[in-house]
Structures are given as structure tokens and as C-alpha cells.
There are 2 protein chains.
Amino acid sequence: MRIAVIGGLAAGPAAAAEAARRAPDAQVVMYEAGPHISVGTCELPYALGGRLTPDADLVVVTPEEMKRSRGVDVFVHHRVTALDARTGTLTVDALEFGATREERFDRVILATGAKARRLEVDGEDAAGVFELRDLVDKEQIERWLETEPVRHVVVVGGGYVGLEAAEAMRDRGIRATILDPSGRVLNSTVACEASDLLNDAVLEAGVTVRPERVTEVVASGDGRVTAVRTDAGEIIGCQMVIASVGIEPRTELAKAAGLKLGSQGGLEVDDHMRTSSQRVWACGDVVEIPRAPDGQRVLWPLATTARRTARVAARNATSMTPADRFRPFAGSVAVLAFGIEVGSVGLSLSQAQDAGIDAVAADIRHKSRTGAFEDSKPIDVRLVVEKGSGRILGGQLVGAEGAALRANVLAPLVQSKATARELAEDIDLLYTPPLAPAVDPLKIAASRALHLT
Amino acid sequence: MRIAVIGGLAAGPAAAAEAARRAPDAQVVMYEAGPHISVGTCELPYALGGRLTPDADLVVVTPEEMKRSRGVDVFVHHRVTALDARTGTLTVDALEFGATREERFDRVILATGAKARRLEVDGEDAAGVFELRDLVDKEQIERWLETEPVRHVVVVGGGYVGLEAAEAMRDRGIRATILDPSGRVLNSTVACEASDLLNDAVLEAGVTVRPERVTEVVASGDGRVTAVRTDAGEIIGCQMVIASVGIEPRTELAKAAGLKLGSQGGLEVDDHMRTSSQRVWACGDVVEIPRAPDGQRVLWPLATTARRTARVAARNATSMTPADRFRPFAGSVAVLAFGIEVGSVGLSLSQAQDAGIDAVAADIRHKSRTGAFEDSKPIDVRLVVEKGSGRILGGQLVGAEGAALRANVLAPLVQSKATARELAEDIDLLYTPPLAPAVDPLKIAASRALHLT
């Protein structure tokens with residue numbers, strides 16, 4: 001049996017390794033258009049900010065290691081340009097040689113991932129405008145910083161990547177301004193609807209957050225960025241721009257192959273990660289997957305869920321009968337930036353309401369440990385609960401300590417459809433004065449939620 | 001309706017408050033033999049070590065506040081010396097007045113708690129030998145430290161209290177030696193069977209841990225402690241002893257009233273926290289309660305479970321029909337001492353084996369965050385799993401960061417009888433490089449467990 005894995009950044013290597021483990025007699029081949037496989041994408045901003053050890057390698061596994069330890073044949077600089085889903089035939093461009101060949105496979109796993117959204121404004125191809133999606137981006141940014149006199153960076157978009165990029169700039173002593181239509185960070189994503197702690201810390205660190213959209217990137221005569229123009233009519237001078245306005249699934253190949261797309265523009269798969277073709281499975285940022293609170297299929301481009309979808313895709317692609325099923329995801333994300341932790345699981349209030357769920361939010365502020373400690377810090381907890389049933393739909397925690405890991409306990413609760421009453425009254429959370437107060441902030445929020453539902 | 005609550009330290013006030021909330025027309029009376037109610041027992045070592053704010057009040061609620069906010073009549077310095085379970089008649093000694101009276105109640109809630117075990121050696125009543133169970137102990141220790149030239153303290157017992165007491169002494173600049181037959185800290189309790197991180201940190205902080213038992217407390221002519229003698233024939237000079245060799249339920253009153261005891265010497269209650277008497281409920285450290293992994297009824301003297309039993313007892317005591325049931329507990333405990341966090345949920349391997357369960361332990365050491373961070377720290381995880389079923393019986397995490405709160409997620413998993421496979425493959429744990437690695441240490445341990453079961 002021959003199995004092809006298309007895409008080698010995160011889900012691809014996980015799927016290839018699992019396929020090789022499950023089907024030791026199969027030939028597993030992985031194609032990646034870029035120069036690297038298995039890149040620690042989430043580590044990029046920290047590497048950029050100089051927070052990692054000097055010898056830190058962001059390539060988790062090399063092609064040679066994949067071959068040696070898993071028996072997977074890896075081809076980097078190889079782009080798959082066409083897929084015949086009926087026959088399993090791939091058209092592969094060997095980019096370094098300018099050669100094209102066709103290869104036939106019994107089964108195909110698509111892990112084409114996602115790409116950064118473009119700003120869609122004039123001048124965005126100016127020199128000094130970057131994304132921060134992969135190792136090549138990071139290296140280009142570093143080269144720019146080494147050679148250009150960068151004093152001010154405009155970060156477009158206040159999501160996770162924008163926030164971490166701004167912190168990396170500050171870690172390098174460079175002034176940063178974040179532009180986000182909301183005027184806040186992590187606002188359009190799930191975490192910080194109900195808390196000002198992170199936003200305040202960003203401002204305190206000297207990073208400006210402006211409620212504006214970029215309408216044009218202004219460049220000098222030699223094509224170097226000198227400013228951005230915003231929808232407020234402002235011109236903000238800068239020597240570098242990091243664009244982080246979200247990502248979108250890379251579906252070109254799948255679309256051309258006639259595979260069915262989902263409602264959010266990602267690839268449609270069943271619970272076995274099989275596409276609309278009997279021969280093709282898919283995983284990672286390109287697929288739409290069901291979320292636990294309401295079963296809705298959405299794009300959820302995270303490394304952790306990517307690995308889960310990869311495992312399921314590989315197990316089913318190597319089995320004659322449907323094997324492993326994907327269990328709806330909790331949607332657990334976290335960030336630590338500017339000294340503030342954010343942990344978020346499940347739906348935000350607005351996501352729940354957008355999904356038509358009759359949801360309420362219990363908001364509390366408490367201390368992350370026994371208040372009598374000199375240095376105990378505030379923690380904001382929002383618990384999102386379905387009215388009537390009291391089911392926990394999600395929760396967001398924000399604070400200087402104990403916010404992120406504390407959120408983890410919500411994952412099994414959301415995934416098993418537990419109620420606020422169970423969290424308030426039955427689930428035994430730890431108590432030790434220097435780390436957790438007698439009644440955990442999560443339980444306090446759950447008790448509050450009981451009065452709202 | 002008249003409801004009596006006997007005992008006012010932790011479970012008592014919680015039960016009284018809940019009873020008053022549930023039965024606003026009832027008269028709720030609480031008796032406490034000591035001078036305080038609602039004491040933050042777990043905070044005592046930190047107060048002793050000077051880690052709390054100067055104005056920190058370890059009395060969470062005063063009798064006056066209980067009266068004002070809940071309508072509960074509180075009598076401190078009142079000891080209940082007899083209980084007629086058939087009629088609901090209590091014999092109450094007003095200790096400050098030397099008077100005795102009888103009071104009749106419709107329903108009685110016993111929250112008599114636990115008391116420190118005695119050393120049972122000659123000389124243990126010498127001046128300078130203390131327990132650390134309540135506010136009075138703490139104040140006596142402080143007075144002793146202020147008036148005596150204490151250079152060396154022997155802490156008998158390396159459990160939670162002993163460990164925290166030793167750290168408090170070190171925080172005050174006083175040398176401490178811990179005596180524990182195991183030669184380790186937290187060894188006879190659940191947490192540290194499989195990790196040396198805490199033990200090493202204790203030794204590094206200059207605290208000696210000796211595998212010895214005290215056989216005699218040696219005192220000077222005027223009755224002040226000068227040394228302890230051990231079963232190794234050693235004499236260890238010291239000017240103070242803190243005895244922390246465990247606690248035992250205070251069952252004298254219940255026993256005299258003819259109430260049934262459980263197999264561990266605690267009070268037997270059903271899932272509604274009702275004792276063998278129709279008129280008497282019980283809660284807190286005095287009762288035996290069912291643990292989640294195997295349903296066995298055990299003593300589990302923790303503030304968090306005490307509050308849960310108090311709530312259940314009060315709801316049933318104020319209801320004509322059985323109301324709330326106690327859900328078997330996960331057994332979540334945590335400690336932070338000498339810079340090392342311990343988080344433990346459920347059973348240790350030896351506890352599981354003692355209970356006759358065919359259990360295995362998966363032990364792993366990992367980093368608490370992405371390894372490429374300069375200052376990432378090791379974390380030891382032991383996951384205890386039932387062979388065959390793969391059910392998670394418990395887990396213990398030890399490390400300098402992210403160990404305690406990370407353990408919380410095991411609580412709902414243990415309480416819902418989840419398997420190692422679910423934890424390894426389906427439960428979405430957070431990933432963010434500065435706080436949690438791409439594959440959480442808990443998942444790594446769960447994956448390891450899959451290969452063992």
C-alpha cells in the first residue's frame with residue numbers, strides 16, 4: 001500500500017508518523033512545498049523575541065529523522081499541484097529542479113494547512129511587510145531587523161500572533177503599535193471579552209493599541225515601508241509591518257480535485273476525517289471539525305487539535321474499516337503575553353450567542369491564591385453557560401498567575417457536557433494557600449452561574 | 001424547627017450557613033468548644049512563616065458575622081458533652097461560666113472534626129512541644145519563639161503539615177530537622193512516591209530529613225524541651241518540637257451517642273451524610289466518605305471535601321425527603337513548599353494496590369513548558385491506571401512550576417471514570433510555549449500508560 005501525505009508542517013508529520021506506525025508494510029510519502037517540515041510555529045514569536053535558548057531548534061523533526069525513525073519518505077521543496085481523487089494520482093513539482101512528475105497512491109492524506117490572510121490594501125508587497133507564519137518569515141524578519149534601522153513596528157491585528165509579535169518587538173527594545181478595529185487585543189478571538197487585565201498590561205508595557213484598520217501601506221521610492229495609512233485618516237510612520245489578520249485554509253488543491261468544502265470554507269470531513277472522496281482523508285488547519293459544546297463544524301487552526309485530526313485521519317487511512325473517530329473538541333487555547341496569562345476553553349459568550357444558543361456569562365474577579373498572601377494577584381473568570389440546562393459552554397480566565405493551566409479543567413467538562421452545578425458542587429479542585437484559594441475561582445464563577453441559569 | 005451544628009471550625013460553619021439558607025424559618029445554633037470559628041487552618045503555616053499580609057485575618061467569619069449575615073446563633077467556648085440521638089437533646093457545657101445546660105433540637109449536624117495524633121512518647125507534654133492544628137497552636141508557637149532562644153526545631157512527621165511547618169521555620173531563619181520513618185517528605189501521603197524533586201529541594205534548603213521515629217522528648221529541669229531521642233539511639237538537641245504525625249476523627253461524642261462508626265474509625269454516613277440515627281447528620285473530618293476511583297469509604301480530612309459534605313448534610317437535614325447526594329471525591333490535594341509544587345488527585349500506586357486494584361503507574365519526566373525556554377523546569381508525572389480497563393485511578397505531579405494546577409484536570413477524569421486513552425487522545429489540553437508544551441506532560445504520561453495496561 002502506498003500512502004501520500006500532502007503538507008509537512010504540523011498535521012502532516014503527525015499523520016505520516018501514525019500511518020507508518022499503523023501500517024508498517026506501507027510506503028508512506030510526505031510532500032512539503034517549503035524547505036522545512038515539523039516546525040514549532042507557536043514558538044516563532046518567542047524565538048524572535050530572544051526568549052529561547054540560543055541553540056533552540058524550531059524544527060522538531062528533520063526529513064532525515066522522519067525517514068530513520070518512522071520510515072517515511074519526505075520530499076521538501078515539492079509542491080503537489082494536482083490530485084486525481086478517483087485514481088489517487090498526484091502531480092508533483094520538484095521546485096528545486098523545475099521538474100514535474102506523477103505518482104499514484106492508494107490513499108491520500110491532505111494536510112495542506114492554512115495561510116495568512118492578506119491585508120488586501122495597496123502597497124502591502126512593500127519591503128518590510130511580513131507575516132509570522134513560518135520559519136522563513138521569522139528569518140526574513142530577523143534579517144530585516146539586522147539590516148534596517150527599525151525603531152517602530154506596526155502590528156496589524158491584535159489576535160494571538162499579533163500580540164506575541166508585539167511582545168517580541170518589545171523584548172528586542174523596539175516600539176510597537178497594534179492596530180485592531182476593536183481597539184483591544186484578543187478581542188475578536190475568544191479570550192478577553194470580559195477582562196481588561198491583558199489589555200491594561202499591554203498598554204502599561206508601552207505598546208499602543210489603536211482601533212483602526214490599515215487602508216494603505218506607504219513605501220519609499222526604493223520600495224521600503226515608511227508608514228501605514230489608516231481608516232481614521234492617520235499616517236503612522238514605521239520601518240516594519242507585521243500583518244497578522246488571521247489565516248485561511250489552503251483548499252486550492254482540494255477544490256480543484258472536486259472535494260466538498262464545508263460552510264466555513266474549510267474542507268468537509270466526517271468523524272473519521274474522510275473527505276467526500278473514498279480515497280482521501282484530511283487533517284489539520286484545512287479541515288472543519290466539530291466543537292464539543294454544540295457540535296457545529298468549524299475551522300479551529302490549533303496545533304493540538306491538528307495532531308488529533310492527524311491521528312484519526314492516519315488510523316482510518318491505514319485501516320480497511322473505519323477505526324478511530326474524532327471526539328468533538330473543547331477548543332482549549334492559552335497565551336502568556338506582557339505578564340498576563342489567558343486560558344480559554346470552549347465558546348465565548350458572543351460565539352455561543354452567534355451559534356443561536358441561549359447562553360449567559362457569569363463574570364467574577366477573585367484572587368488566584370489565598371488573598372492574605374502579599375503578592376496574590378487578581379484573576380478574572382468568565383464562565384459561559386447554557387440557560388435552562390446549565391451546561392458549561394466555555395470559560396475564559398485572565399490573570400497574572402494561575403489563569404492558563406487553571407482553565408484546563410474545563411476541557412473534560414465541556415467535552416462531557418457537564419453542568420455549572422457539577423463544577424460548583426461536585427468537582428474536587430485543589431486548594432493550597434500559595435497557589436489556589438479555598439474555593440477556586442472557577443467554582444466561584446460556577447456558583448454565580450447557578451443564579452443566572 | 002431547631003437545628004444544632006456541633007463544631008465550628010470548617011465544616012460546621014459551612015453546614016450552618018447552608019442550613020440557614022435552606023431553612024430560613026429554622027433556628028440554627030452552632031456550638032464550638034474553642035474560642036474561634038471558621039479558621040483558615042491551611043493558612044496557619046504561612047502565617048507562622050510571615051508570608052501573609054500583616055493584617056491577614058485567619059478567622060474567615062466571626063460569630064457576629066454568622067449571626068448578622070446568616071442568622072446563625074453561634075456559641076464559642078461551648079462544648080457539647082452528650083447527645084441523645086433519639087430525642088435530639090444536647091448537653092452543653094458553657095466553658096467560660098462552668099455551667100451546663102440541656103437543649104433540644106429537631107435535627108443535629110455533627111462537625112466535630114479531627115484532632116492531632118499524639119506522639120505517644122514520654123515527655124511529650126514538655127513545654128515547647130506543639131501541634132499546628134488551630135489558631136491557638138499558632139499563637140502559642142509564636143509566643144514561644146518570641147520568648148525562647150530557639151535555634152533548632154524538630155518537626156516530627158514529614159506530611160503536609162510537617163513540611164509546611166519546616167518551611168515556616170526556615171522562613172523565620174530557624175534551622176529545622178524533619179523526622180519521618182520513610183526518610184522522605186510526603187512519602188506516606190499520596191504525592192511524592194515517584195519523584196525526588198521535592199525531597200531534593202528540602203535538603204537543598206538546609207532542612208535535614210532523618211528516617212527516624214521519636215522515642216522520647218527530653219526536657220530540662222524546668223520542663224522545657226531540650227532534645228528528642230530517636231529509635232536510632234540518637235539524641236537531637238532542639239528548643240522546640242512540632243508534632244505532626246497525622247490526625248484522627250473526634251468521635252467521642254458520636255460513639256457515646258451510639259452512632260455507628262466506619263471501618264477506618266470515622267463516623268459512618270450514607271450518601272446523604274446521614275448517620276445511623278434518623279435525627280443526626282454529620283460532615284467534615286469526622287466522617288468517612290466514598291472516594292471516586294473505587295467507592296471505598298475513607299477518612300479524607302481536607303477543607304474542600306469538608307465543605308462538600310457540609311453542604312450535603314445541611315441540605316438533607318433541612319429537607320423532609322432526601323435531597324442532595326455526595327458524589328464520590330477525587331481526592332485533590334496540593335502543596336507548594338521549598339519552591340516545589342505538588343498536585344495529587346486520586347490514588348497513589350500503593351493506595352490502589354492496598355485497595356486490591358490491579359494498578360500500574362506510568363512515570364515520566366518532562367518540561368513544564370516548551371523545552372527551548374531558557375528557564376523551563378522539569379516536571380515529574382505519575383499516572384496511576386487500572387490494568388485492563390485503563391481507567392485513571394489517580395495522578396501525582398511534582399515540579400517547580402505548573403505541577404499543582406495542572407493536576408486539577410484529573411479530578412473530573414477520576415470522578416467520571418475516564419480512561420488513559422481519553423486523556424492521551426481526546427481531552428484538549430492547552431498549549432502555549434511559555435506555559436505548556438505542545439504535548440502536555442499529562443498526555444505524555446497517559447500515552448505511556450497505554451503501553452502498560
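In what follows, every chain begins at residue 1, and chains take the letters A, B, ... in the order their sequences are listed.
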The interface call for B:Q415 against chain A, heavy-atom contacts under 4.5 Å, is side chain
Flag the pair B:I289 / B:M273 as yes when at least one side-chain heavy-atom distance between them is below 4.5 Å, and no otherwise. yes
Between atom CD of A:Q396 and atom CG of A:L410, what is the distance when rounded to the nearest 0.5 Å? 9.0 Å
When every non-hydrogen atom of B:V345 is compared with those of B:V414, the smallest separation belongs to CG1-CG2, 4.1 Å
Which bit of B:I427 comes within less than 4.5 Å of chain A, counting heavy atoms only: side chain, backbone, both or neither? both
Residue among B:R51, B:R327, B:R311 with most heavy-atom pairs under 4.5 Å to chain A: B:R311
Find the distance between CZ (A:R325) and NE2 (A:H272) and round it off to the nearest 0.5 Å. 4.5 Å
Heavy-atom cut-off 4.5 Å, strictly under: side chain, backbone, both or neither for B:D55 against chain A? neither
Most chain A-contacting option - heavy-atom pairs closer than 4.5 Å, from B:L435, B:D375, B:T304: B:L435
Checking A:E18 side chain against A:A15 main chain: does a donor-acceptor pair fall under 3.5 Å? no
Indicate yes or no: at least one non-hydrogen side-chain atom of B:D426 is less than 4.5 angstrom from one of A:R308. yes
Under a 4.5 Å cutoff for heavy-atom pairs, which residue among A:A334, A:G402, A:A330, A:A56 has the most contacts with chain B? A:A334
For the side chain of A:N316 and the backbone of A:D324, is there at least one donor-acceptor N/O pair under 3.5 Å apart? yes
Region of A:R421 in contact with chain B, defined by heavy-atom distances below 4.5 Å: side chain
Heavy-atom pairs under 4.5 Å with chain A - which of B:A411, B:P433, B:A418, B:A404 has more of them than the others? B:P433
Name the member of B:R406, B:E425, B:E374, B:K443 that forms the most heavy-atom pairs with chain A at distances under 4.5 Å. B:E425
Let's test your reading of the structure: which of B:V60, B:L405, B:N408, B:V409 forms the most heavy-atom pairs below 4.5 Å with chain A? B:N408
If you count the non-hydrogen atoms of other residues, nucleotides and ligands that lie under 6.0 Å from CZ in A:R448, is the total more than 12? no
Under 4.5 Å heavy-atom distance to chain B, tell me which part of A:F373 shows up: side chain, backbone, both or neither. both
If you tally heavy-atom pairs under 4.5 Å against chain A, which of B:V439, B:L52, B:L430 wins? B:L430
